[in-house]
Amino acid sequence: MRKQRPLSPHLQIYQPQLTSILSITHRATGIALGLGLFPLTAWIWAIAQGEATYGAITQLYSNWLGLLCLFGWTFCFFYHLFNGLRHLAWDMGYGFELGQTYASGWLVVAASLAFTAFSWVTGLGYVWGGHSA
Amino acid sequence: MNSHYNQERGLRHWLLQRGSAIIMVPLGIWLVVSLVQLPFRNYQTVQNWLGNSLTAGMFAIMMLVTIYHAALGMEQIYKDYVHRPMTYKLACFTTYVLAFGLGAVILLSIYRIWISAL
């Protein structure tokens with residue numbers, strides 16, 4: 001094993017800022033969404049298998065861990081979507097001023113939280129209201 | 001592989017990433033809105049929803065584009081953090097194989113659901 005040579009401090013000294021935090025969160029939500037493609041694929045496969053398999057997998061996904069993951073992925077989806085739009089705006093050349101970057105950044109966070117909450121309130125409303133029966 | 005090849009490959013990756021993202025904006029919104037309203041406990045309703053030709057088509061496109069976008073993203077991540085060329089190539093290869101596998105399972109499943117609903 002090569003001897004570890006000393007490096008200049010990086011994450012230990014770098015002051016967290018909205019820009020860097022949102023950037024790494026965009027990457028992290030991307031990874032999380034990618035991982036979520038596997039249970040999603042399994043779910044679609046289960047629909048194709050028939051009612052018994054579908055019932056079993058829905059049951060499995062309905063436990064506390066499944067619901068927690070689903071909630072997390074909902075946030076990941078909205079965050080990655082809104083920050084993705086922010087990225088696309090940058091790609092077209094808009095919004096590079098520091099003030100604009102901070103404003104759009106906070107907007108992305110607010111929108112992500114709001115849409116996550118709204119979609120879950122709506123979804124649970126459907127489920128508890130008997131619509132999902 | 002000269003620098004011109006790398007430049008072309010980098011540009012292609014950038015364009016595909018943005019192109020897939022743009023496609024996914026409307027389709028993703030449609031998907032989430034649909035899933036929130038979907039009575040998922042009712043198997044027949046779920047089967048009918050996905051069995052509808054338009055829905056099946058849109059869902060298939062959304063899934064395939066998503067999977068590809070995810071693979072592109074992962075490649076970018078490996079590029080940043082995996083420094084050994086051989087490990088990087090192996091990571092990319094595995095990712096694209098998995099992406100292809102997921103895509104195949106999704107397509108076959110959607111087809112099967114669609115056919116049984118006809």
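In the text below, chain A, chain B and the rest are named by the order of the sequence lines, each starting its count at 1.
Cluster membership check: A:Phe115 shares its hydrophobic cluster with B:Ile29, using side-chain heavy-atom separations under 4.5 Å among Ile, Leu, Val, Met, Phe, Trp and Tyr. Both A:Phe77 and A:Phe75 belong to a common hydrophobic cluster when Ile, Leu, Val, Met, Phe, Trp and Tyr are linked at side-chain heavy-atom distances under 4.5 angstrom. Cluster annotation: A:Leu67 is connected to B:Leu35 through the hydrophobic network of ILVMFWY side chains, with a link wherever side-chain heavy atoms come within less than 4.5 Å. Under a hydrophobic-cluster definition in which Ile, Leu, Val, Met, Phe, Trp and Tyr are linked whenever side-chain heavy atoms come within less than 4.5 Å, directly or via other members, A:Phe82 and A:Leu18 are assigned to the same cluster. Residues B:Leu64 and B:Val25 do not share a hydrophobic cluster, clusters being chains of Ile/Leu/Val/Met/Phe/Trp/Tyr side chains in contact below 4.5 Å.
Heavy-atom distances place the side chain of B:Leu50, and not its backbone, under 4.5 Å from chain A. If you measure heavy-atom distances from A:Leu88 to chain B, the contacts under 4.5 Å come from the side chain alone. Proximity to chain B involves both the backbone and the side chain of A:Ile47, based on heavy atoms less than 4.5 angstrom apart. Heavy-atom distances place no part of B:Gln44 under 4.5 Å from chain A, backbone and side chain included. Only the side chain of B:Met63 comes within contact range of chain A, judged by heavy atoms closer than 4.5 Å. Proximity to chain B is limited to the side chain of A:Thr58, based on heavy atoms less than 4.5 angstrom apart. Contact of A:Phe78 with chain B is made through the side chain alone, with heavy-atom distances under 4.5 Å. At a 4.5 Å heavy-atom cutoff, the contact between A:Leu85 and chain B is made by side-chain atoms alone. When heavy atoms are compared at a cutoff of 4.5 Å, A:Trp43 approaches chain B solely by way of its side chain, counted from C-beta outward.
By the 6.0 Å contact criterion, CD on A:Gln17 is enclosed, its count of non-hydrogen atoms from other residues, nucleotides or ligands being greater than 12. Counting heavy atoms of neighbouring residues, nucleotides and ligands inside a 6.0 Å radius, atom CD1 of A:Ile13 does not exceed 12 of them. Other residues, nucleotides and ligands contribute at most 12 non-hydrogen atoms within 6.0 Å of the CZ atom of B:Arg9. Shown here is A:Trp106, whose CH2 atom has no more than 12 heavy atoms of other residues, nucleotides or ligands within 6.0 Å. For CZ of A:Phe118, the number of neighbouring non-hydrogen atoms (other residues, nucleotides, ligands) closer than 6.0 Å is 12 at most. At most 12 non-hydrogen atoms from other residues, nucleotides or ligands lie less than 6.0 angstrom from CZ of B:Phe93.
In this structure, B:Met74 and A:Ile31 have side chains that are in contact, with non-hydrogen atoms separated by less than 4.5 Å. Within the 4.5 Å cutoff, no side-chain heavy atoms of A:Thr74 are placed close to those of B:Val32. Taking 4.5 Å as the limit, some side-chain heavy atom of B:Phe40 sits within range of a side-chain heavy atom of A:Tyr54. Contact annotation: the side chain of A:Asp91 approaches that of B:Trp14 to within less than 4.5 Å [non-hydrogen atoms, C-beta and beyond].
For the residue pair A:Tyr126 and B:Val36, the shortest heavy atom distance occurs at CD1-O, 3.5 Å. Scanning both residues, B:Phe59 and A:Ile44, for their nearest heavy atoms gives CZ-CD1, 3.4 Å. Closest heavy-atom contact between B:Tyr43 and A:Glu51: CZ-N, 3.6 Å. Closest approach of A:His80 to B:His69, counting heavy atoms only: NE2-NE2, 4.3 Å.
Atom CG of B:Leu102 is separated from atom CG of A:Leu37 by 6.5 Å, given to the nearest 0.5 angstrom.
For chain B, the option among A:Ala42, A:Ser62, A:Gly50, A:Gly84 with the highest count of heavy-atom pairs below 4.5 Å is A:Gly50.
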For residues 104-113 of chain B, dump all side-chain donor-acceptor pairs below 3.5 Å to protein atoms at least two apart in sequence or in another chain.
unit_1: B:Ser109; atom_1: OG; unit_2: B:Val105; atom_2: O; d: 2.7
unit_1: B:Arg112; atom_1: NH1; unit_2: A:Gln49; atom_2: OE1; d: 3.3

